Structures are given as structure tokens and as C-alpha cells.
Amino acid sequence: MAISTFETGALGVALKSRAAALGFDDIRIAAVDDVADHSDRLGQFLALGRHGDMDWLETTAPQRGNLRHLWPQAKSAVVLAMTYGQAVEPFARLEQRGTGVIAQYALGRDYHDVVKGRLKTLAQWLARAAGSGVKVFVDTAPVMEKPLAQRAGLGWQGKHTNLVSRDLGSWFFIGVVLTEAELDADIAETDHCGSCRACLDICPTKAFPAPYQLDARRCISYLTIEHKGQIAREFRVAIGNRIYGCDDCLAVCPWNKFAVAAREAKLAARPELLAPDLAALARLDDAAFRKLFAASTVKRTGRDRFVRNVLIAIGNSGDAGLAEVAEELAGDASPLVRAMAVWALARLAPERFVSTRDKRMTSETDCAVLEEWRAA
């Protein structure tokens, strides 16, 4: 469709002004024809099984690898950033072993709601101004946002595979608006990681087989959020008190020190999530879990997976006083919870573990839980 209100160059300027007014920290534009086909790279990742339980990556691979397969009529991709970095010390939180650590992006309101709402407002304006169709995407759609954002000039994919910006560091969300309008494109960003490998070296579970490669099956964010089953024993101690996600590879990036805007997050952290008590979290039933995380992205894990994570943190706390909680949850209705309760109890109170095992093990029917009793 023809542009109805602005000439192409003026439209881009007006669009960027609107984005800033809506709270976006950066906005860049790429021509869809200039965006590379990433089907081969995605196919290699999937063939190696590095996506783990994320089956949706396979089912959406054709659309995800090439924007043309997603929407053939699209001419331009508008890529936006919104900061979420909080005024907290990421590594200091890991030392508070009696509390749980939730990744910074999840400390406030669910970003899907916040970012998508503002994207829709911007897209509606663009549709009217350009007289062209638009589509909005935030995270859950089959769009490879990070390589697209690099082509648009928003940042570059660092060695940890996340996007890094010279202006915003690592702490920002990405949103995309595809449009039928032809907009002036920005210059693609280049890699500025140099010889630095801080993000690779700090990973507690060694999730990076090589620079610019991620094996999600070893990533704490994947294990505590996406993984549906029991978390393998080899990762539990390394998880520490991280109960939802992991910030380590982002937090250590030296580019963060230049990111003034990243200290002015648009999604304020909820105080009760900054250092939540592990015992209280472990005792959440489904209704209480839903109430506490009603407006949070944490709700996506569900109560059972979340309490599984909390019990790993309890097992790593070194606090024998938390053994009582683990003992209680050894009788929980969920096998996910029971298994991790067994592991935590064995680490915190070996004698209490033996007496509880004698009471619980004979009536246990879940194979994974039985294996935890035997292994402990």
C-alpha cells in the first residue's frame, strides 16, 4: 500500500519519536529483503537437540528461520528495545542463601503484557500513518528477534547468544513490528565482543559449547523455566539459589557499565520478589502461587515446577532449619516436588532423611522419586 500521511524518510523520524514517547529506549529498522535466512543455523541447533523440551522451536522452524515465510507481504521490520535492568547487585543476591533469586527481567510485571501493549499502540499509529498493514511480535511468536535486531542495528549477538547494545548493555527486552510499508533502514551493528569471554567463563553449568553457541539443556534459565521434568543431579548444586532464570552471563558483560538507560528500568521490581523467603515459597499451594505471581512471567512455570526449583535452592542453602520444609514436601502430591524434597532433605539433615525414608519410601509409586530415595 502507498504511504498516505508521510514521505518515507519523514515517517521513520516520526515513528522513532512516537516510540520514545511510549517508553522505548531504542528503535531501529531493517528492510525485510536484507534480513538473512537463518534456517540452516536454526536447523543445526535443532539437529543437535540443544533445544531440549522446547518442541515449539521445531514446529515453527520454517517461519522462524525466514521472515518471508512468516509474512510474505512484509517490507520492513521495526525492532525496539525497552530496558529492564534493576538497581540490584546480581551476584550479591546469590550470596543470600536463605532467599531465592528471580532473574531481573521477571521481577516486575509480565513483560509480554507491558511491551506488547505499547507495541500495539505504536503499530496502530504506524498503520494509520503509512496506510499499510502491520503485525506485532514479542518473544512468543516465531521470529528470531536477536539476529533481526543485529541486522537492524539495535545491537549484536554476543558470545552468550544474547543481544548486547553499546547504549543499553544486556538488560533489555526486544519487540518487533513488521509492516508492509517501506521504511528507511538503519545500518547493521557489528560484533564488539573482541577477545572477552567473561560470559562464557562465568556460566555455572557450562552451557556454552563454544562462543556464540548455547546448549539450552545445560542453561539454568532453561532448566528452571522451560524444563518440565526433574532437573539432573549434575546441575543442582550449580543452580544455587536461582529459582527462576539466571542473570550471570548478562550481568558480567562489561558493556553494562556504559548502559545509563539500563538503570532506569521501565518495569519496576516488586519488593517482595527481590529476596523472597525460601520456606514461604516452598509452602505455596497452587492457589497461593497463582495469587503471588498473577501479573508476573513466573506464573508460566506453574506451582509444581516452581516449588521444584525452590527445593533445589533449599538443598543448597546449608540451613538445617529448612529440613522441616523438605520433610513436609516429601509427601507432596506432585512427583516433581517430592523428588526434590528428598534431595534437599538428604543434604540438610541426613538423620532426618533416614527416618523420613523409612516412612515414605514403601508407599512411593513414582520411579523418579524412588530413584531419589535410593540415590540419596
Side-chain angles (χ1 to χ4, degrees), residues 23-25 51-57 60 80-88 90 93-94 99-120 136-146 149 160-163 168 170-176 214 216 219-228 231 239 241-251 262 265-276 278 280-282 284 286-310 312-313 336:
F24 290 102
D25 296 287
H51 58 301
D53 291 341
M54 296 183 288
D55 297 337
W56 41 269
L57 284 174
T60 62
L80 301 103
M82 182 179 291
T83 57
Y84 66 79
Q86 304 292 339
V88 299
R93 290 202 295 158
L94 297 174
T99 64
V101 175
I102 294 172
Q104 290 199 43
Y105 80 89
L107 290 172
R109 285 181 57 200
D110 189 336
Y111 68 95
H112 297 94
D113 299 333
V114 177
V115 178
K116 196 165 191 175
R118 299 187 194 191
L119 274 183
K120 285 183 176 179
V136 170
F137 305 94
V138 181
D139 188 33
T140 55
V143 175
M144 294 182 71
E145 297 102 335
K146 289 179 281 189
H160 53 14
T161 75
N162 292 296
L163 204 70
L168 305 176
S170 294
W171 309 109
F172 59 94
F173 301 117
I174 304 171
V176 177
L214 170 69
C219 174
I220 292 176
S221 286
Y222 165 81
L223 291 168
T224 57
I225 300 172
E226 302 289 351
H227 185 52
K228 300 177 180 65
I231 294 176
I239 285 173
N241 59 339
R242 302 169 185 85
I243 57 174
Y244 187 92
C246 179
D247 288 328
D248 292 25
C249 64
L250 300 175
K266 302 302 186 296
L267 280 72
R270 292 167 52 187
E272 67 272 24
L273 299 186
L274 286 172
L278 290 177
L281 293 177
L284 292 173
D286 189 64
F289 171 81
R290 290 175 180 273
K291 182 178 180 180
L292 178 60
F293 296 110
S296 165
T297 188
V298 177
K299 66 182 180 294
R300 66 182 293 194
T301 63
R303 177 264 178 186
D304 294 348
R305 273 193 276 169
F306 181 74
V307 175
R308 170 200 65 186
N309 302 341
V310 173
I312 290 176
L336 278 178

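All of these numbers come straight from a predicted model, not from anything done at the bench.
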Trainee: Going from CD1 on Ile102 to CD1 on Ile243, what distance comes out if it is rounded to the nearest 0.5 angstrom?
Mentor: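 Taking CD1 in Ile102 and CD1 in Ile243, the distance rounds to 4.5 Å.
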Trainee: If you round to the nearest 0.5 Å, how far is CG of Asp53 from OH of Tyr222?
Mentor: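 Here the interatomic distance stands at 3.0 Å.
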Trainee: Do Cys219 and Leu214 have side chains that get closer than 4.5 Å, going by heavy atoms?
Mentor: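 Sidechains of Leu214 and Cys219: in contact.
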Trainee: Which pair of non-hydrogen atoms, one from Val138 and one from Glu145, has the smallest distance, and what is that distance?
Mentor: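 In this case the closest contact between Val138 and Glu145 is C-OE2, 4.2 Å.
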Trainee: Please name all residues satisfying ring-ring contact (aromatic ring centres under 6.0 Å, His included) with Phe306, sequence neighbours left out, ordered by chain then number.
Mentor: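 Partners of Phe306 by the ring-ring contact (aromatic ring centres under 6.0 Å, His included) criterion, ordered by chain and then number, come out as Phe289, Phe293.
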Trainee: When you look at NZ of Lys299, are more than 12 heavy atoms from neighbouring residues, nucleotides or ligands closer to it than 6.0 Å?
Mentor: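 Counting neighbours around NZ of Lys299, more than 12 heavy atoms of other residues, nucleotides or ligands fall under 6.0 Å, so yes.
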Trainee: Assign the ring pair Tyr105 / Tyr244 to parallel, tilted or perpendicular, where the plane angle (0 to 90°) is split at 30° and 60°.
Mentor: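 Correct class here is tilted.
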Trainee: For Val136, does its backbone N or O pair with a side-chain atom of Lys120 as donor and acceptor, under 3.5 Å?
Mentor: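 Not confirmed, Lys120 side chain does not pair with Val136 backbone.
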Trainee: Under 6.0 Å from the CZ atom of Arg109, do we count more than 12 heavy atoms belonging to anything else shown?
Mentor: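 Counting neighbours around CZ of Arg109, 12 or fewer heavy atoms of other residues, nucleotides or ligands fall under 6.0 Å, so no.
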Trainee: I need the minimum non-hydrogen distance between Glu226 and Met54, along with the two atoms involved.
Mentor: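 Distance-wise, the nearest heavy atoms are CG-SD, 3.9 Å.
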Trainee: Using modelled atom types and a 3.5 Å cut-off, is there a donor and acceptor pairing between side-chain atoms of Thr224 and backbone atoms of Gly245?
Mentor: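 Answer holds: yes.
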Trainee: Carefully, step by step, assess Arg290 and Arg303 under the rule side-chain contact (heavy atoms from CB on, under 4.5 Å).
Mentor: CA-CA 8 Å; Arg290 290 175 180 273; Arg303 177 264 178 186; over 6 Å; no
Trainee: Roughly how far, to the nearest 0.5 Å, is the CE atom of Met144 from the CD1 atom of Ile174?
Mentor: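 The CD1 atom of Ile174 sits 11.5 Å away from the CE atom of Met144.
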Trainee: Using 0.5 Å steps for rounding, measure from the CG atom of Leu284 to the CG atom of Leu292.
Mentor: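 The CG atom of Leu292 is 6.0 Å from CG of Leu284, to the nearest 0.5 Å.
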Trainee: Quick check against the 3.5 Å criterion: does Tyr84 have a side-chain atom that pairs as donor or acceptor with the backbone of Leu107?
Mentor: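 Answer holds: no.
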Trainee: For atom NZ of Lys291, decide whether the heavy atoms of other residues, nucleotides or ligands shown that lie under 6.0 angstrom number more than 12.
Mentor: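 No, NZ of Lys291 has 12 or fewer neighbouring heavy atoms, counting only those of other groups under 6.0 Å.
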Trainee: Tell me which one of Asp248, Asn309, Asp247 satisfies side chain to side chain contact (heavy atoms under 4.5 Å, CB included) with Arg242.
Mentor: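 Looking at Asp248, Asn309, Asp247, the match for Arg242 under the side chain to side chain contact (heavy atoms under 4.5 Å, CB included) is Asp248.
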Trainee: About how many Å separate CG of Asp110 and OG1 of Thr297, when rounded to the nearest 0.5 Å?
Mentor: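 Reported value, rounded in 0.5 Å steps: 4.5 Å.
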